[in-house]
Amino acid sequence: MAASISCIKHAKSCVKHSLFFTVQRQTSPAGACARRPAEIRSVRAAASATADVQHNERFCLELVRSRDYEGFVCSLLLPEAARRSALALRAFNVELAQAGEGLCFSEVSRSDANAVLEDGHRRHLQRQTTQPASQRRAVEDFVSQAVKKHNLTKRWLTRIIAEREKDLDDRGYRNLQELESYAENAQSPLLYLLLESLGVKDVHADHAASHVGKAHGIVTCLRATPHHSGRRRVYLPLDICMLHGVSQEDFIRRSREQDVRDVVYDVASQAHVHLQNARSFGPSVPAAAMPAFLHTVVLEDFLQRVRKADFDIFHPSLQKRNPLLAIQLYLRSWKKTY
């Protein structure tokens, strides 16, 4: 899935789109036939460009809905001016998150990739399975609209890419600090970009985003543990496991002993700490920034459910989707709090 990011000629597309409907309204079939071939080709190109944009949006919306349902619902609750850009960024994030699940970076070197991103916000990925070129370009085109519309900071895009690239090494975290560092570099930049899409530039919002990103990354690691253990992989911090005398094999055989639960408790507690730290900035965070932090509802929901399961990360209840999540997200959005 060649998810690369290049700038789209959005203003030009809008002009062509407008021209297309103007011609339809003001010309008869005979008049249209009498127009110069170049003008007719221009109208057809405008119609084709509009169809491409719509196709890209539909593909990206479905990608986020199917692979990041919680992020999809959160994005729908954003103000209209930022909604499409948020969905584009989440589609971009989903693409990169799949790097360790059948994707590999292309032969483009890191320096070349950064140069391309600097110039046109492009970064090439190549899927190991075949995929239509139109789908490979869909995320690129959709994201480029968001980049151009909100003048998004390139540094956050490159940071997400660089951190996701580490997934290809398929290594666990030696300690909790490594997991936090990964979470901050992979998740927090997405929140910074969402804040920019909302038109928010505030140091308190940035501090909150940093902690929310860390909590998100830690919770994601916990939630993925049953899936990873089924593939004989364990990514929970090694130092925490050693502290409780737990081996990777204990997670691989899905042990539900107390020492395994103690590991989960320690990791979940750190996510809770970051969530509380993020909320401590709440009184100073502008109201316009609140929608960017709706995902805290998702994080809080999981932490509460894992606590009710007595920190048994393999409990069946943790694999089910919360049917009331959409309502909870709406209520939090209405209250303008996180």
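As a basis for the values below, the full set of heavy atoms in this structure was taken, side chains included, without hydrogen atoms, waters or symmetry mates.
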* Asked: Where do N93 and R164 land on the side chain to side chain contact (heavy atoms under 4.5 Å, CB included) test, with the steps shown first?
  -> CA-CA 9 Å; N93 197 49; R164 290 296 189 183; 3.5 Å; yes
* Apply side chain to side chain donor-acceptor pair (under 3.5 Å) to D250 and S247, showing your working. => CA-CA 5 Å; D250 290 324; S247 67; 3.3 Å; yes
* **Side-chain donor-acceptor pair present, R155, Y192, cut-off under 3.5 Å** => no
* Out of curiosity, I160 CD1 to E95 CD, how far, rounded to the nearest 0.5 Å? -> 13.5 Å
* Residue pair V219 / A271: nearest heavy atoms and the distance that separates them -> CG2-CB, 3.9 Å
* Gap between atom CG of L190 and atom CZ of F92 - 0.5 Å precision -> 9.0 Å
* Which pair of heavy atoms, one from L63 and one from A91, lies closest together, and at what distance? -> CD2-O, 3.9 Å
* To do: Indicate, with yes or no, if L238 and L222 share a hydrophobic cluster defined by side-chain heavy-atom contacts under 4.5 Å among Ile, Leu, Val, Met, Phe, Trp and Tyr.
  => no
* Asked: Does a side-chain N-to-carboxylate-O contact under 4.0 Å join E80 and R83?
  -> no
* Any chance the side chains of H315 and D310 put a donor and an acceptor closer than 3.5 Å? -> no
* Gap separating the CG atom of L236 from the SG atom of C221, nearest 0.5 angstrom -> 4.5 Å
* Have Q258 and D262 got a donor and an acceptor in their side chains that come within less than 3.5 Å? -> yes
* Heavy-atom closest contact (V200 atom, A205 atom, distance) -> CG1-CB, 4.3 Å
* Asked: Is the CZ atom of F314 crowded by more than 12 outside heavy atoms at less than 6.0 Å?
  -> yes
* Please step through side chain to side chain contact (heavy atoms under 4.5 Å, CB included) for the pair Q248 and C241, ending with a clear verdict. => CA-CA 8 Å; Q248 291 190 345; C241 293; over 6 Å; no
* **S75 side chain to R90 side chain, donor-acceptor N/O pair below 3.5 angstrom** => yes
* Does a sphere of radius 6.0 Å around CD in Q177 hold more than 12 heavy atoms from other residues, nucleotides or ligands, not counting ones at 6.0 Å or beyond? -> yes
* Verdict with reasoning, V147 to L157, per side chain to side chain contact (heavy atoms under 4.5 Å, CB included) -> CA-CA 10 Å; V147 170; L157 294 171; 4.0 Å; yes
* Counting heavy atoms not belonging to R232, are there more than 12 under 6.0 Å from its CZ? -> no
* If we ignore angles and hydrogens, is there a donor and acceptor under 3.5 Å between the side chains of Q328 and N322? -> yes
* Structure fact -> One should read off an interatomic distance between E180 CD and S188 OG, to the nearest 0.5 angstrom, of 10.5 Å
* To do: Would you indicate whether R256, at its atom CZ, is surrounded by more than 12 heavy atoms from other residues, nucleotides or ligands within a distance under 6.0 Å?
  => yes
* Indicate yes or no: does E300 engage R332 in a salt bridge with an N to O separation below 4.0 Å. => yes
* Which heavy-atom pair separates S197 from L152 by the least distance, and what is that distance? -> OG-CD2, 3.8 Å
* Taking atom CD1 of I218 and atom OH of Y182, what is their separation to the nearest 0.5 Å? -> 13.0 Å
* Flag the pair E70 and R223 as a salt bridge only when some basic side-chain nitrogen lies within less than 4.0 angstrom of an acidic carboxylate oxygen. => yes
* Asked: From F72 CZ over to L61 CG, what is the distance, rounded to the nearest 0.5 angstrom?
  -> 6.0 Å
* Asked: Aromatic rings H211 and F281: how do their planes relate, parallel, tilted or perpendicular, breaks at 30° and 60°?
  -> parallel
* Would you indicate whether H272, at its atom NE2, is surrounded by more than 12 heavy atoms from other residues, nucleotides or ligands within a distance under 6.0 Å? => no
* Under 3.5 Å, side chain of R159 to main-chain N/O of A186, donor-acceptor pair present? -> no
* Structure fact -> Shortest non-hydrogen pair, V73 vs L329, comes out as CG1-CD1, 3.5 Å
* **Least distance between heavy atoms, S85 atom then K149 atom** => OG-CD, 4.2 Å
* Asked: Can you say whether the rings of Y265 and F311 are parallel (under 30°), tilted (30 to 60°) or perpendicular (over 60°)?
  -> perpendicular
* **Salt-bridge present (R174, D239; N to O < 4.0 Å)** => no
* Test side chain to side chain contact (heavy atoms under 4.5 Å, CB included) on E184 and S210 and set out the steps. => CA-CA 6 Å; E184 184 172 25; S210 176; 2.8 Å; yes
* Should P226 and R254 count as side-chain neighbours, where that means a heavy-atom distance under 4.5 Å? -> yes
